[in-house]
Amino acid sequence: MHNSPLFTNDTITFGLLMLSLGFVFYTESRTTGFWPKFYKIVPGLFMAYMVPAILTSIGLIAPEWETVNEANEVVKHKSSIYFITSRFLLPAALVLMTLSIDLKAVFNLGWRALIMFFTGTVGIIIGGPIAILLISIFSPETVGGAGPDAVWRGLSTLAGSWIGGGANQTAMLEIYGYNQKLYGGMVFVDIVVANIWMAVLLIGIGKRDKINKWLKADTSSIENLKEKVSTYTESITKNPTLTDYMLMLSIAFGTVSISHFLSGYIAPFFGSLVATIENATTRNMFTFLDSEFFWMISLSTVTAILLSYTKAKNYEGAGASKIGSIFIYILVASIGMKMDLKLIFDNVGLIAVGLVWMSIHAGLLILVAKLIKAPYFFLAVGSQANVGGAASAPIVASAFHPSLATVGVLLAVFGYAIGTISAIVCTILMELASAT
């Protein structure tokens with residue numbers, strides 16, 4: 001938790017995030033001097049994420065902070081920006097980017113996409129126990145603890161988050177009864193390690209041609225999909241009118257509105273159904289069905305896929321995916337804002353566990369990608385569909401091409417479905433590793 005930042009008003013904070021994005025896009029567009037050399041090494045998307053992180057780290061803005069009131073009580077405050085971008089702009093972006101989807105071509109991406117997704121899942125499952133064994137050699141107290149304070153119980157929540165998402169993370173907290181007073185530390189490790197890994201993936205996107213060459217990757221299916229979308233876009237490109245912009249936004253936010261409305265009924269309905277399951281483990285496996293966020297993202301994506309079979313598809317020619325990309329960049333900036341680089345040094349032991357864990361996940365992905373000649377796109381999106389879920393998998397996917405955002409969502413939704421059961425397997429192995 002941060003001390004009060006310089007700017008606590010969300011309107012000002014949002015303005016600073018937009019100025020950050022403006023700075024990134026302006027400098028990236030320069031063709032002479034220092035900036036072209038800089039952006040050859042560092043991708044613009046990474047900078048869109050990093051500049052807000054720096055603003056948080058130097059105390060200008062903060063995602064959460066505490067103040068003390070006149071009665072000497074600690075008051076917790078929270079910025080609403082990430083909530084708004086993830087609940088309003090993310091689903092709207094998915095709608096606008098999916099309007100031109102060629103679903104058949106997405107499925108033609110083939111078996112490598114699924115293999116890399118499952119490799120990512122296996123990497124998380126085995127990474128946890130291996131990280132515990134390795135760290136216990138140097139610092140046994142870091143991975144020790146007994147009863148509700150046992151570190152492996154806390155790490156179970158990371159497994160839930162990194163395979164599925166927030167709902168799976170909460171389910172693991174319920175299943176293994178980790179001390180809730182210590183839970184904040186685990187959430188912090190989750191944010192730091194997942195964000196560092198996302199930053200690495202974003203840097204890799206800028207070097208994807210070199211990486212694909214090293215992997216001897218077959219990128220034909222991805223290039224075919226991009227070519228198909230680009231050719232289609234060119235054939236319907238038009239100079240957009242104000243009416244076009246208003247109709248695109250009405251389609252996007254109208255869909256988001258309907259998805260929010262329906263998820264408000266569907267999530268409680270499934271929540272009450274899941275609550276009737278007697279076996280606690282089975283019950284917790286299906287807790288993701290109780291998540292409004294899960295249903296909202298799923299309904300937005302399905303509606304957009306259905307719209308892609310209508311004349312709404314032609315709005316791609318008026319720049320639908322470009323507006324979607326604007327929303328995605330704002331989301332990226334709001335995620336970057338959650339990262340305080342100073343705090344990495346506050347909990348070095350657990351951060352080390354998380355970094356070793358993520359390194360095993362990464363290493364396995366690289367090994368399998370090399371063996372099956374999978375493109376970097378499948379590695380990056382397969383990983384983020386696990387680690388980042390529906391909020392960040394489309395960001396990484398759309399960085400390759402806006403038409404690929406849906407691939408990230410489809411895999412992330414799959415991650416929600418298998419998240420809890422996979423995390424339970426991981427936790428059983430972590431408990432065994434802790435006992436050795």
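These figures come from a predicted structure and were not determined experimentally.
Taking all atoms of both residues into account, the shortest heavy-atom contact from Pro402 to Ser325 is CG-OG, 4.1 Å. Between Ser300 and Pro91 the shortest heavy-atom distance is OG-CB, 3.5 Å.
Other residues, nucleotides and ligands contribute only 12 or fewer heavy atoms inside 6.0 Å of the CZ atom of Phe261. Within a 6.0 Å radius of NZ in Lys373, other residues, nucleotides and ligands contribute 12 heavy atoms or fewer. When the shell of 6.0 Å around NZ of Lys322 is examined, it contains 12 or fewer heavy atoms from other residues, nucleotides or ligands.
Under the 6.0 Å cut-off for aromatic ring centres, Phe414 and Phe118 qualify, their centroids lying closer than that.
A donor atom on one side chain and an acceptor atom on the other are not found under 3.5 Å apart for Trp65 and Thr8. Side-chain contact check for Asp190 and Ser161: at least one donor-acceptor pair (N or O, by modelled atom type) lies under 3.5 Å.
A distance of 10.0 Å separates OH of Tyr376 from CG of Leu215, quoted to the nearest 0.5 Å.
The aromatic rings of Phe25 and Tyr329 stand perpendicular to each other, their planes meeting at an angle above 60°, with 30° marking the opposite boundary. Ring pair Tyr49/Phe46 is tilted by interplanar angle, where 30° to 60° counts as tilted.
Taking the ring centre of Phe83 as origin, the terminal cationic atom of Lys78 falls outside the region bounded by 6.0 Å and 45° from the ring axis.
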